[in-house]
Peer 1: 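Quick one: the structure is below, and I'll ask about it shortly.
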Number of protein chains: 2
Amino acid sequence: MALEHAILVSLLEKPGSGYELARRFERSIGYFWTATHQQIYRVLKRMESEGLLAVRELSQQSRPDKKEYSVVGPGRTALSQWLHESIQPESMRHELAVKIRGAAFDDPSVLIREVERHRQVHIDRLAHYLAGELRDFTGPAAPTPLDAGQELQHVVLRGGIAYERMTIAWLDDVLATLRRLGTSPPHV
Amino acid sequence: MALEHAILVSLLEKPGSGYELARRFERSIGYFWTATHQQIYRVLKRMESEGLLAVRELSQQSRPDKKEYSVVGPGRTALSQWLHESIQPESMRHELAVKIRGAAFDDPSVLIREVERHRQVHIDRLAHYLAGELRDFTGPAAPTPLDAGQELQHVVLRGGIAYERMTIAWLDDVLATLRRLGTSPPHV
DNA sequence: TCCTCATATGCAACTCGTTGCATAGCCAAG
DNA sequence: CTTGGCTATGCAACGAGTTGCATATGAGGA
């Protein structure tokens with residue numbers, strides 16, 4: 001159900017089209033909730049038919065027309081209601097960890113490249129987050145003081161930064177372990 | 001596709017029934033991959049029909065019969081093949097983060113209890129992981145030296161521990177932010 | 001005796017999410 | 001002038017995951 005709520009939050013922050021939402025889900029919102037454009041278009045249509053959103057068809061010059069969605073009363077109420085409900089803490093879904101345990105039944109060194117690749121992705125994400133933090137929250141161009149919405153966006157971004165740092169450190173640990181096992185006598 | 005591979009890993013570590021796998025997915029394997037018993041039974045049946053697993057019907061006294069699954073040749077090959085493929089790094093799914101950003105459009109203090117509840121869950125998980133680490137890997141009752149499989153299980157568990165510690169620290173940050181905003185003048 | 005709990009397996013219906021494909025307008029480069 | 005790229009929206013089919021329900025055995029307690 002959370003895609004619906006992620007869309008409400010994003011559209012309250014700023015109205016936009018399905019295409020624009022899909023872009024936001026590649027940055028910003030997408031740091032902690034992902035969705036493809038097909039999913040977004042489908043849910044937007046449903047939410048509009050349920051009266052949570054309003055559409056405005058905008059003809060643009062030099063571009064195809066778009067439909068701009070914005071949150072209306074019942075949508076705001078739905079979000080508020082959801083905020084008052086409790087959700088259950090995240091359950092893990094870490095495919096790489098499954099692979100690492102699986103490596104016991106093959107040659108552990110086959111995973112070294114894979115783990116290095118993941119490590120690089122997380123390093124890039126961290127750099128991206130840090131640049132965003134500087135631009136929007138802690139740099140000289142950032143507004144001072146931050147309003148409540150910006151403070152909350154910032155604390156979520158700090159979570160992303162902490163997650164990437166933790167992950168990079170862990171992947172270093174994994175690499176050290178795989179390399180150590182690689183030089184030991186084989187097993188199984 | 002990863003449920004299939006998580007099952008292969010778990011059954012290679014030790015053969016077992018659907019019920020037993022479901023239990024393992026509540027501990028151990030479940031720390032980084034979750035599944036319900038319905039999902040497990042369905043996939044076991046499919047994997048058996050594809051020749052990845054073998055079944056043995058065991059009649060037990062004082063308990064209903066069970067079907068014990070174990071990995072056979074093609075299953076081992078399938079796992080090995082998967083280990084050589086590359087997967088794409090995890091995409092986040094953090095519902096609480098959506099809520100935190102959404103709190104900008106309601107009273108941020110409504111989230112304080114919710115975040116405190118999540119924090120407690122993570123503290124409990126951390127304690128549980130640390131107890132498991134002591135029991136299986138670092139305590140006096142642990143085998144020395146550890147074999148490759150145990151080393152790999154340990155490094156995965158260290159990842160879980162690092163994740164929980166990071167999350168608890170972040171939730172403290174979130175709580176401090178929510179409390180600070182709660183004492184500021186309202187917004188929106 | 002009846003109820004509940006733990007073991008053990010499964011179906012049916014549903015929602016959520018992914019993948020591949022299709023369409024269409026306009027721009028810029030070759 | 002054709003091709004590729006970006007904006008913009010959408011269908012169809014499939015696969016993954018959840019929820020509710022159903023069934024059966026046997027243990028232990030009220």
Side-chain angles (χ1 to χ4, degrees), chain A residues 1-8 11 15-27 29-30 32-50 53 55-69 82 87-95 98, chain B residues 1-8 11 15-27 29-30 32-50 53 55-69 82 87-95 98:
Chain A
M1 295 281 179
L3 175 57
E4 197 175 304
H5 301 110
I7 287 176
L8 285 172
L11 289 180
S17 68
Y19 189 83
E20 283 160 358
L21 279 172
R23 314 245 77 182
R24 291 184 211 171
F25 274 86
E26 284 164 13
R27 328 172 282 104
I29 296 279
F32 47 86
W33 202 268
T34 56
T36 59
H37 77 272
Q38 291 85 346
Q39 230 185 314
I40 291 167
Y41 283 121
R42 197 200 283 148
V43 174
L44 280 173
K45 196 163 273 193
R46 195 192 69 216
M47 290 170 76
E48 197 256 318
S49 79
E50 289 170 353
L53 302 178
V55 211
R56 225 168 29 123
E57 302 236 4
L58 296 180
S59 30
Q60 304 180 102
Q61 56 192 23
S62 92
R63 279 180 198 188
D65 297 355
K66 69 173 178 179
K67 299 181 182 175
E68 197 192 60
Y69 288 89
W82 178 66
I87 54 179
Q88 56 184 31
E90 312 300 318
S91 45
M92 296 273 101
R93 276 295 158 96
H94 210 303
E95 209 171 348
V98 179
Chain B
M1 294 282 177
L3 175 56
E4 197 174 305
H5 301 110
I7 286 176
L8 285 173
L11 289 180
S17 68
Y19 189 84
E20 283 160 358
L21 279 171
R23 314 243 78 182
R24 290 185 210 170
F25 274 87
E26 284 166 13
R27 332 171 278 103
I29 297 277
F32 47 85
W33 202 268
T34 57
T36 59
H37 78 270
Q38 291 85 349
Q39 229 184 315
I40 291 166
Y41 283 123
R42 197 200 285 146
V43 173
L44 281 174
K45 194 161 276 191
R46 196 192 68 217
M47 290 170 76
E48 196 257 319
S49 78
E50 289 170 354
L53 302 179
V55 210
R56 223 166 33 119
E57 303 235 4
L58 298 181
S59 29
Q60 306 180 103
Q61 55 192 23
S62 92
R63 277 178 201 190
D65 298 355
K66 68 172 180 180
K67 299 182 183 173
E68 198 193 58
Y69 289 89
W82 178 67
I87 53 178
Q88 56 184 29
E90 313 298 320
S91 45
M92 297 272 101
R93 277 293 159 95
H94 210 304
E95 208 172 349
V98 179

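Chain identifiers are assigned alphabetically (A, B, ...) following the order of the sequence lines, protein sequences preceding nucleic acid strands; residue numbering begins at 1 within each chain. On a predicted model such as this, the values are computed, not experimentally measured, just so you know.
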Peer 1: Is any side-chain N or O of A:Arg42 under 3.5 Å from a base N or O of C:dG17, one able to act as donor and the other as acceptor?
Peer 2: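 When only heavy-atom distances are counted, A:Arg42 does reach the base of C:dG17 through a donor-acceptor pair under 3.5 Å.
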
Peer 1: Grab the CG-C1' distance between B:Leu21 and C:dA8 for me, whole Å please.
Peer 2: 13 Å

Peer 1: Measure from the side chain of A:Trp33, starting at C-beta and using heavy atoms only, and say which of C:dT18, C:dG17, C:dA12 lies closest.
Peer 2: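 Given the options C:dT18, C:dG17, C:dA12, the side chain of A:Trp33 is closest to C:dG17.
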
Peer 1: Indicate yes or no: does B:Glu48 engage B:Lys67 in a salt bridge with an N to O separation below 4.0 Å.
Peer 2: no

Peer 1: Taking A:Glu26 first and then A:Arg23, would you say they form a salt bridge - that is, a charged N and a carboxylate O separated by under 4.0 Å?
Peer 2: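 Looking at A:Arg23 together with A:Glu26, the answer is yes, because their closest N to O distance falls below 4.0 Å.
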
Peer 1: OG of B:Ser17 to CD1 of B:Ile40: how many Å apart, nearest 0.5 Å?
Peer 2: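 Result: 9.5 Å between the selected atoms.
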
Peer 1: Could you give the CG-to-C1' distance, from B:Leu3 to D:dG15, as a whole number of Å?
Peer 2: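 Distance check: B:Leu3 CG to D:dG15 C1' gives 12 Å.
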
Peer 1: Rounded to the nearest Å, what distance is computed from the CD atom of residue A:Gln88 to the P atom of nucleotide D:dG17?
Peer 2: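 A:Gln88 atom CD is separated from D:dG17 atom P by 15 Å.
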
Peer 1: Find the distance A:Glu90:CD to D:dG17:C1' and express it as a whole number of Å.
Peer 2: 15 Å

Peer 1: How does each nucleotide of nucleotides 3-11 of chain D score, in 5' to 3' order, for protein heavy atoms under 4.0 Å: base (B), sugar-phosphate only (S), or none (-)?
Peer 2: ----BBBBB

Peer 1: Please report the distance, rounded to the nearest Å, between CD in A:Glu50 and P in C:dT15.
Peer 2: 11 Å

Peer 1: Please state whether the base of D:dG17 and the side chain of A:Arg93 form at least one donor-acceptor pair under 3.5 Å?
Peer 2: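 No.
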
Peer 1: Kindly compute the distance separating CZ (B:Phe32) from CZ (A:Arg93), expressed to the nearest 0.5 Å.
Peer 2: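 It comes to 12.0 Å.
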
Peer 1: Can you find a heavy atom in the side chain of A:Leu11 that is under 4.5 Å from one in the side chain of A:Leu44?
Peer 2: yes

Peer 1: For the pair made of CD1 in A:Ile40 and C1' in C:dT18, what is the distance, rounded to whole Å?
Peer 2: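 To the nearest whole Å, that distance equals 13 Å.
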
Peer 1: Rounded to whole Å, how long is the line connecting atom CD of B:Glu4 with atom P of D:dG17?
Peer 2: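 B:Glu4 atom CD is separated from D:dG17 atom P by 11 Å.
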
Peer 1: Measure the distance from CZ on B:Arg46 to P on D:dG17 and round it to the nearest whole Å.
Peer 2: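 So the two atoms are 10 Å apart, to the nearest Å.
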
Peer 1: What's the separation between atom CZ in B:Arg46 and atom CD in B:Glu4, rounded to the nearest 0.5 Å?
Peer 2: 4.5 Å

Peer 1: Mind checking what makes salt bridge (charged side-chain N to carboxylate O under 4.0 Å, His left out) contact with A:Arg63, not counting sequence neighbours?
Peer 2: none

